[in-house]
Number of protein chains: 2
Amino acid sequence: MGQVPTATAYALLGLLTFDRDNAEPDDAGLTGYELKQRADNTLRFYWVSPATSQVYSELRRLETLGLVHADVRPGRRTTKRYRITAEGVATLREWLRTTDTDFPVLKHPVALRLMLGHLTGADQMRGLLEDYLDQLGRRRHELGAVRASLGDDERVRYPALVADWGLSYYRDEERTVRRLLGRLG
Amino acid sequence: MGQVPTATAYALLGLLTFDRDNAEPDDAGLTGYELKQRADNTLRFYWVSPATSQVYSELRRLETLGLVHADVRPGRRTTKRYRITAEGVATLREWLRTTDTDFPVLKHPVALRLMLGHLTGADQMRGLLEDYLDQLGRRRHELGAVRASLGDDERVRYPALVADWGLSYYRDEERTVRRLLGRLG
DNA sequence: TGTAGCATGTAAGCCGTTACATGATTGA
DNA sequence: TCAATCATGTAACGGCTTACATGCTACA
């Protein structure tokens, strides 16, 4: 019954490996709240943005598995800062090395609707694609800001590669949608 | 508690609108088995391939909602052929017209792993991307066969557009992955 | 004759979301 | 002082998958 972490759990665990190696140990680790924000900044573009409640429950599960360590700070407001453990890093490496990689899954509501264009006519489909183009542009700008924040810092070289990948995808998608619009015209 | 069909249910309902308008009424409609095959041929490239058991249960649900009609053929082997009803078509149109369209969700295990390249090194990431290129090529051929089977039949003009969209996506993705491979040395 | 495909279903369970709930802290 | 943000959870439930079960039909 779910002893093995899911891909989403590994993704969250992976985000913890980018813990800024701070001089001050007081700031080590991330709270569930911060991890959720980080997921919203990066993970959501090519995976999912887990619900806040799931972030907390996954963290608790990873803790019982010994893959993260919770640093509890008592006080008026109790906060927990989570760090990945050595065992967590080893488990993550093992997962990367041995688990086979599924083909990406795309849930594309726009394509799904376009398939049914014979029910609505070309006009409505054009509107659909134009709206989608707007959203794509906004998404691309959001991801562009994330990419810019990564700069050319060697420590986030791979996240930067992934962000560039995403940006290419959005640009290509915009081009393709424009071509489709032309064919509907 | 789920009185309203989900997007997947509408997708399956939509597939039923492409029922070949046969001269022989005996062949009208699709069995759950055939619908599952059709989903595997088309829907899976940009939505999901629902499990067989889900196809059957969704069909039963759509029937209680009056959106499909089940034609039961008794005999040695009882089969049910499902057709979309007039109400089903109206409901589907209403859904297309009024429900707002979510942005696509991409679950990309390859990108997820690439993000964690600092844990494994560039060599393993190159292997990952090369494997992915192989899979992409196979996928593209599968979708190419589907596209070819649609031809330029006006009745499946929109599914053909969607298939072309998918083919563009696969080609662009291959190009982008090759560029990433180049940047990994 | 036996295997692959056709055809339909039940049961159990997990992943993840939505809705709800609580309270501290910070800054306008 | 009041709102936004920080921070952490619980409860309920739905969608979907996996595993299991059954039996017919066509064909090599």
Side-chain angles (χ1 to χ4, degrees), chain A residues 1-13 26-27 29-41 43-44 47-65 68 70-82 102-103 105-107 109 112, chain B residues 1-13 26-27 29-41 43-44 47-65 68 70-82 102-103 105-107 109 112:
Chain A
M1 42 171 78
Q3 285 91 344
V4 173
T6 66
T8 297
Y10 281 118
L12 291 173
L13 194 56
D26 270 9
D27 282 346
L30 282 85
T31 65
Y33 191 86
E34 289 167 340
L35 187 57
K36 164 66 174 161
Q37 289 182 318
R38 194 174 283 196
D40 285 343
N41 266 329
L43 221 52
R44 101 176 127 112
W47 193 251
V48 283
S49 238
T52 305
S53 60
Q54 199 194 355
V55 172
Y56 286 108
S57 56
E58 289 292 357
L59 281 172
R60 267 176 266 137
R61 200 148 83 79
L62 290 171
E63 196 192 3
T64 68
L65 293 171
V68 301
D71 209 359
V72 183
R73 315 283 172 92
R76 292 270 162 68
R77 182 202 319 205
T78 304
T79 63
K80 288 186 194 171
R81 307 203 138 262
Y82 288 91
D102 288 337
F103 197 82
V105 172
L106 183 61
K107 280 202 161 193
L112 177 58
Chain B
M1 41 172 79
Q3 284 91 341
V4 172
T6 66
T8 298
Y10 281 118
L12 292 173
L13 193 56
D26 270 8
D27 283 348
L30 283 85
T31 64
Y33 191 87
E34 288 167 340
L35 187 56
K36 163 66 174 161
Q37 290 182 319
R38 192 174 285 195
D40 285 343
N41 266 330
L43 222 53
R44 98 174 130 112
W47 192 251
V48 284
S49 240
T52 305
S53 59
Q54 199 194 354
V55 172
Y56 285 108
S57 55
E58 289 292 358
L59 281 172
R60 266 176 267 136
R61 201 148 83 79
L62 290 171
E63 196 191 3
T64 68
L65 293 171
V68 302
D71 209 0
V72 182
R73 313 286 172 92
R76 293 272 160 68
R77 178 197 328 201
T78 304
T79 63
K80 289 186 192 172
R81 308 205 136 263
Y82 288 92
D102 288 336
F103 197 81
V105 172
L106 183 60
K107 280 201 162 197
L112 177 58

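Treat the numbers as computed from the prediction; the structure is a model and nothing was measured. Any value given below was found using the heavy atoms of this structure, including those in side chains, with hydrogens, waters and symmetry copies removed. Naming convention: chains lettered A, B, ... in sequence-line order (proteins, then strands); numbering from 1 in each chain.
Residues passing the side chain to side chain donor-acceptor pair (under 3.5 Å) test with Thr8(B), sequence neighbours excluded: Trp47(B). Residues passing the ring pair (Phe, Tyr, Trp, His ring centres under 6.0 Å) test with Tyr10(A), sequence neighbours excluded: Trp95(A). Take Glu63(A) and apply the salt bridge (Lys or Arg N to Asp or Glu O under 4.0 Å) test, not counting sequence neighbours, and it matches no residue. Residues meeting the side chain to side chain donor-acceptor pair (under 3.5 Å) test with Asp40(A), sequence neighbours left out: Lys36(A), Ser49(A). Partners of Arg44(A) under the side chain to side chain donor-acceptor pair (under 3.5 Å) rule, at least two apart in sequence or in another chain, are Glu142(A). A search for side chain to side chain donor-acceptor pair (under 3.5 Å) contacts involving Thr52(B) returns nothing, not counting sequence neighbours.
Set against dG15(D), dT18(C), dT8(D), the side chain of Gln54(B) has dG15(D) as its closest nucleotide. Comparing dC6(C), dC16(D), dT17(C) by their closest approach to the side chain of Glu58(B) singles out dC16(D). Across dA7(D), dC6(C), dG9(D), the shortest atom-to-atom separation from the side chain of Tyr33(B) is found for dC6(C).
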Trace of the side chain to side chain contact (heavy atoms under 4.5 Å, CB included) decision for Glu58(A) with Thr6(A): CA-CA 9 Å; Glu58(A) 289 292 357; Thr6(A) 66; 4.2 Å; yes
Walk me through it: do Val105(A) and Val105(B) pass the test side chain to side chain contact (heavy atoms under 4.5 Å, CB included)? CA-CA 8 Å; Val105(A) 172; Val105(B) 172; over 6 Å; no
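Note on Arg61(B): every side-chain N or O is 4.0 Å or more away from OP1 and OP2 of dG14(D). In this model, the phosphate group of dG16(C) is approached by a side-chain N or O of Lys107(B) to a distance below 4.0 Å at OP1 or OP2. Thr6(B) has a side-chain polar atom (N or O) that falls below the 4.0 Å cut-off from OP1 or OP2 of dC16(D). When the side-chain nitrogen and oxygen atoms of Tyr56(B) are compared with OP1 and OP2 of dG9(C), none of them lie within a distance under 4.0 Å.
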Heavy atoms under 4.0 Å is the rule here; annotate nucleotides 19-25 of chain C 5' to 3' with B where the base is hit, S where only the sugar-phosphate is, and - elsewhere. ----BBS
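Between Gly29(B) and Arg81(B), the shortest heavy-atom contact is O-NH1, 2.8 Å. What you find for Leu12(A) and Val55(A) is that their closest heavy atoms are CD1-CA, 4.4 Å. The heavy-atom pair separating Leu112(A) from Ala11(B) by the smallest distance is CD1-CB, 3.5 Å. Leu65(A) approaches Pro5(A) most closely through the heavy-atom pair CD1-CG, 3.8 Å.
Comparing the end axes of the helix from dT1(C)-dA28(D) to dA28(C)-dT1(D), each fitted to five base pairs by superposing C1' atoms of four pairs onto the next four, gives an inter-axis angle of 30° (nearest 10 degrees).
Across the protein-nucleic acid pair, Asp102(A) atom CG and dT17(D) atom P stand 13 Å apart, rounded to whole Å. Going from atom CZ of Arg60(A) over to atom C1' of dT8(D) covers 8 Å, rounded to whole Å. Distance, Asp71(B) CG to dT8(C) P: 12 Å, rounded to whole Å. Counting to the nearest Å, the P atom of dC15(C) and the OH atom of Tyr10(A) are 12 Å from each other. Straight-line distance from the CG atom of Leu59(A) to the C1' atom of dC15(C): 16 Å, rounded to whole Å. In this structure, the CZ atom of Arg81(B) is 8 Å from the P atom of dT8(C), given to the nearest Å.
A heavy atom lying under 4.0 Å from DNA chain C marks the following residues of residues 34-41 of chain B, by number: Gln37(B).
Thr8(B) comes within 4.0 angstrom of the backbone, heavy atoms only, and of no base.
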